[in-house]
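First comes the structure, then the notes that go with it.
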Amino acid sequence: MRINFWLLDINYEVKNHEPEIWLWGIDDLGRRILIIDKGFKSYFYAALENRVDPKEVIREINRGAFGFISEIEVVERKLMGKPIKALQIYCDDPELIPKYAKDIERIRGVKACFEDDIRYSMRYLIDMGIVPCGWHEVEVEKYEGNERWKIQVDEVYLAKSTPVFIERQDIPNLRILGFSIICYSREGTPKPERNPVVIISTVTNKGEEKQFIADDSKDDKPVLKAFMDYVKSFDPDIIVGYGVNKQDWEYLRERCRKHGFTLSVDRAMSEPHTSVYGHVSITGRANIDLYDFSDEFPEVKMKTLENLADYLGIMKMQERILIEDVEFADHWDDKDKRENLKRFSMDNARCIMGVTEAILDFAIQLSSLVGLPLDHIGTAAVGFRVEWFLIKHAHKRGELVPKRVEKQYVPYAGAIVLKPKPGLHENIAVLDFTAMYPNLMIRYNISPDTYLSPDDPMPPSGAYTAPEVGHKFRKDPPGFYKEVLSYLINVRDRIRSEMKKYPPDSLEYRLLNARQKAIKVITNASYGYAGWIGARWYIKPVAEAVTAWGRQTILETIKIAKEEGVEVIYGDTDSIFIRYDPEKARRLELKIYERIGLEIKPDKIYKRIFFTEAKKRYAGLLPDGKLDIVGLEVIRGDWAPIAKRVQENVLEVILKENSPQKAAEHVRRIIEDLKNKRIPYRDLVIWKTLTKPIEEDAVKAAHVEAAKMLMEKGWKLALGDKVGYVVVVGPGKLYEKAKPYIFASYDEIDVEYYIRNQVIPAAIRVLEFFGITEEQLLGRTSLKEAPTPKRLTDFF
DNA sequence: GCCTGGTCTCTACCC
DNA sequence: ACGGGTAGAGACCAGGCG
């Protein structure tokens with residue numbers, strides 16, 4: 001019988017050296033199914049030396065101890081664009097491949113082995129053209145194996161044909177379960193060997209909310225059991241949480257083990273287990289950790305669930321009762337406060353479902369575009385997402401996947417940033433090259449397989465030579481990157497015009513929008529990938545040539561602007577900020593396109609914009625009255641909120657009302673409030689990331705000292721965690737005055753520090769350009785005696 | 001012993 | 001575990017100062 005199914009999850013098993021692919025999916029009728037495919041044979045390549053008789057090598061292999069090699073074929077492939085003869089060696093047991101490859105590499109006549117490091121399940125997806133989160137058609141028969149009983153699906157099938165991808169955009173009606181846990185600990189970070197899980201809150205996308213709560217004894221055995229039963233009965237396709245890959249799943253698993261049973265929440269009677277890229281795999285379902293997608297929202301500095309939910313408009317901070325980790329135990333022990341804790345936990349689960357709605361479409365599209373299963377796609381770093389996308393395409397064009405080899409890091413020159421003209425400017429437009437680096441790669445055919453090393457002969461069709469660095473790239477045929485990037489850019493353009501046919505709130509629009517976003521992410525990451533030392537296709541001259549052509553492009557652009565009589569105020573990498581004159585700008589765009597062959601387009605237009613003397617820091621007023629603040633303290637996560645707020649207000653008053661006096665008065669008021677301790681405590685907390693193992697720092701730093709204090713009290717901190725501290729009164733260096741904010745009290749606060757090192761620097765950064773002095777902000781000098789602006793005399 | 005200026009370290013940003 | 005370019009705070013250190 002033939003069925004259609006949407007692929008949710010994939011895993012494989014090897015029994016007695018016989019592999020089975022398990023495809024977990026949802027069919028046309030909405031039934032949850034498992035399709036077992038026993039027909040796929042894995043393989044790897046042995047690239048041969050020139051002038052070697054393949055038969056000789058095959059004979060040698062056959063003489064060796066490679067019992068599970070079933071077939072060897074002589075094939076023509078390419079390696080970095082160069083034709084190569086290779087043996088395609090099929091192996092019954094995929095798990096023996098790495099070992100076989102290592103041994104065969106030692107045989108004379110074999111240059112190197114390739115693709116022995118591709119996992120069996122990925123090999124299957126790529127070779128069969130199967131797409132995670134995509135629809136497929138397959139011939140099947142019912143499977144009657146005796147392990148059938150322990151698999152929680154509506155039907156188990158045996159594949160009688162290769163599944164074939166079908167172009168179909170719809171997504172089945174998925175069951176999604178979100179959950180959030182609260183653990184009880186009085187000794188810092190909860191540890192599963194001693195601290196119970198007192199609350200588990202769940203929400204489904206069908207609107208059902210539940211809580212599993214321990215009684216006063218805090219025994220979590222019934223909590224865990226009830227949660228497991230509930231998961232089984234709801235039978236979700238997708239399970240979501242926040243931070244679950246690194247915390248919750250392991251915690252739950254350990255608690256269950258402690259009670260003498262296994263955490264069973266999957267569709268095949270196995271425990272959740274950590275797998276590739278650190279994702280936790282729950283067989284038959286897609287486990288998604290929303291935290292893995294928090295990087296998609298760079299505006300959110302502190303990647304907490306409540307911040308993300310607030311930013312996305314799911315649940316505003318004001319609507320929430322926020323309870324810190326340190327307070328959990330106190331809240332639990334107090335019967336009245338416990339209600340708040342329950343509410344807090346429930347809200348967490350609701351936020352999780354809200355965030356899921358915001359990112360799931362994107363995750364699904366990214367998964368199907370890249371080819372990594374839905375539960376891997378989030379945990380895979382950007383470089384690996386690009387790489388899997390490339391691997392998929394390499395297979396299509398007969399290009400062998402290079403091995404990952406360790407290379408030496410040698411830095412290279414990047415982009416050009418212009419010095420801004422400081423001060424206020426009116427009516428400034430930003431012209432941006434669209435996808436500059438990807439388009440340069442297309443334009444000059446920059447790619448690992450088109451690169452001509454200095455001793456390569458010049459091909460008949462000629463080569464492009466990069467400015468400054470002199471790297472050469474053959475003009476023909478189109479390179480790997482050019483092909484892939486042209487495809488991505490074309491598809492995205494098509495999708496974006498298709499989107500116009502639908503209303504923005506329609507299902508179709510949402511889907512297409514998520515698709516084009518996924519394409520954009522991969523396209524934009526391609527240059528970074530090319531320059532990444534860990535990339536399989538890393539060739540330094542490729543990345544170096546891209547930036548060299550980028551520099552030439554922007555310099556040429558500035559030259560053309562000058563010729564056209566357009567004043568350039570600033571520019572960074574692929575943009576120029578110009579005094580706006582619609583006609584001149586239009587002419588400029590055309591001329592740039594004619595001369596350079598790349599498209600530049602107006603992006604933002606500022607009614608007014610302010611630059612300091614520093615690069616990468618400015619603030620502009622947009623036509624809709626919104627402020628666009630770039631690089632300044634306002635948008636940095638490592639300044640006290642009070643300083644950020646003051647600076648934001650200063651910028652707003654300056655840009656909207658052009659009144660330095662008024663801005664300064666506000667700063668003075670805030671300083672007064674600080675002195676009188678009228679500023680909320682939370683606005684004084686400074687957050688910084690731990691980027692090195694504690695004790696390894698070359699210099700003492702405030703946040704590291706605060707981290708040490710936290711750890712002494714039992715709080716576990718990992719690399720990449722943010723530490724919140726306040727500065728308290730006392731002698732010595734700053735790092736001697738820093739204290740974790742959860743341990744300090746308001747009366748200890750060093751108000752003077754916040755005035756001198758937070759509020760004033762943030763405010764004066766802007767106000768000094770308008771003749772305001774520190775003395776004036778401190779109230780020592782009257783605001784009326786405004787001296788001439790120090791820095792601007794040169795320009796006005 | 002203390003101030004000063006220069007350098008280094010660390011973090012977070014821009015594109 | 002995607003790139004380089006950049007700002008700014010604070011730690012650290014050498015040299016000058018008598």
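Naming: A, B, ... by sequence-line order, numbering from 1 per chain.
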>> Does the protein touch nucleotides 2-7 of chain B at the base, only the backbone, or not at all? Give it as B, S and - per nucleotide, heavy atoms under 4.0 Å.
In response: ------
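Of the candidates C/dA7, C/dG3, B/dC14, B/dC14 carries the atom nearest the A/Ile635 side chain, counting heavy atoms from C-beta on. When the nucleotides C/dC12, C/dG8, B/dC13 are ranked by their closest atom to the side chain of A/Glu633, C/dG8 comes out on top. Comparing B/dT9, B/dC15, C/dG8 by their closest approach to the side chain of A/Lys692 singles out B/dT9. In the set C/dA11, C/dG8, B/dA12, the nucleotide with an atom closest to the side chain of A/Lys700 is C/dA11. For A/Lys688, counting side-chain heavy atoms from C-beta on, the closest listed nucleotide (B/dA12, B/dT9, C/dC2) is B/dA12. With C/dG8, C/dG5, B/dA12 as the choices, the nucleotide that has an atom nearest any side-chain atom of A/Arg765 turns out to be C/dG8. Distances from the side chain of A/Tyr412 to the nucleotides C/dA9, B/dA12, C/dG4 place C/dG4 closest. Comparing B/dC15, B/dT9, C/dG3 by their closest approach to the side chain of A/Thr573 singles out B/dC15. Comparing C/dA9, C/dG10, C/dG5 by their nearest atom to the side chain of A/Ala413 picks out C/dG5. In this structure, the nucleotide among B/dC15, B/dA12, C/dG3 sitting nearest to the side chain of A/Arg636 is B/dA12.
The only member of A/Tyr725, A/Trp639, A/Tyr741 that meets ring-ring contact (aromatic ring centres under 6.0 Å, His included) when paired with A/Trp687 is A/Tyr741. Across A/Phe480, A/Tyr481, A/Tyr464, A/Tyr451, a single residue satisfies ring-ring contact (aromatic ring centres under 6.0 Å, His included) together with A/Phe473, and that is A/Tyr451.
A side-chain donor from one of A/Tyr606 and A/Asp628 sits under 3.5 Å from a side-chain acceptor of the other. Side-chain contact, A/Glu483 with A/His393: no donor N or O sits under 3.5 Å from an acceptor N or O. In summary, the side chains of A/His279 and A/Asn245 do not present any donor paired with an acceptor at a separation below 3.5 Å, with no hydrogens or angles considered.
One interatomic measurement links the two molecules: CZ of A/Arg385 to P of C/dA1, which rounds to 13 Å at whole-angstrom precision. Atom CG of A/Leu734 is separated from atom C1' of C/dC12 by 15 Å (rounded to the nearest Å). Atom C1' of nucleotide B/dC10 and atom CG of A/Asp638 are separated by 10 Å, given to the nearest angstrom. What separates NZ of A/Lys644 from P of B/dA12 is a distance of 11 Å, to the nearest Å.
Aromatic ring centres of A/Phe610 and A/Phe769: separated by under 6.0 Å.
Residues A/Glu633 and A/Arg617 are paired through a salt bridge, judged by an N-O separation under 4.0 Å between the basic side chain and the carboxylate. With respect to the salt-bridge test (charged N to carboxylate O, under 4.0 angstrom), the residues A/Glu705 and A/Lys708 qualify.
Using a 4.0 Å heavy-atom cutoff across all strands shown, A/Tyr753 reaches sugar-phosphate atoms only and no base atom. At the heavy-atom level, A/Ala525 lies under 4.0 Å from base atoms of the strands shown. Using a 4.0 Å heavy-atom criterion, one finds that A/Gly528 contacts the bases of the nucleic acid, with or without backbone contacts as well.
Not one side-chain nitrogen or oxygen of A/Tyr437 sits closer than 4.0 Å to the OP1 or OP2 atom of C/dC2. Checking the phosphate oxygens (OP1, OP2) of B/dA12, a side-chain nitrogen or oxygen of A/Thr689 falls inside 4.0 Å. Note on A/Asn757: every side-chain N or O is 4.0 Å or more away from OP1 and OP2 of C/dA9. Side-chain nitrogen and oxygen atoms of A/Lys616 include none within less than 4.0 Å of the OP1 or OP2 phosphate oxygen of C/dA7. Phosphate contact (OP1/OP2 of C/dT6, side-chain N/O of A/Tyr618, threshold under 4.0 Å): absent.
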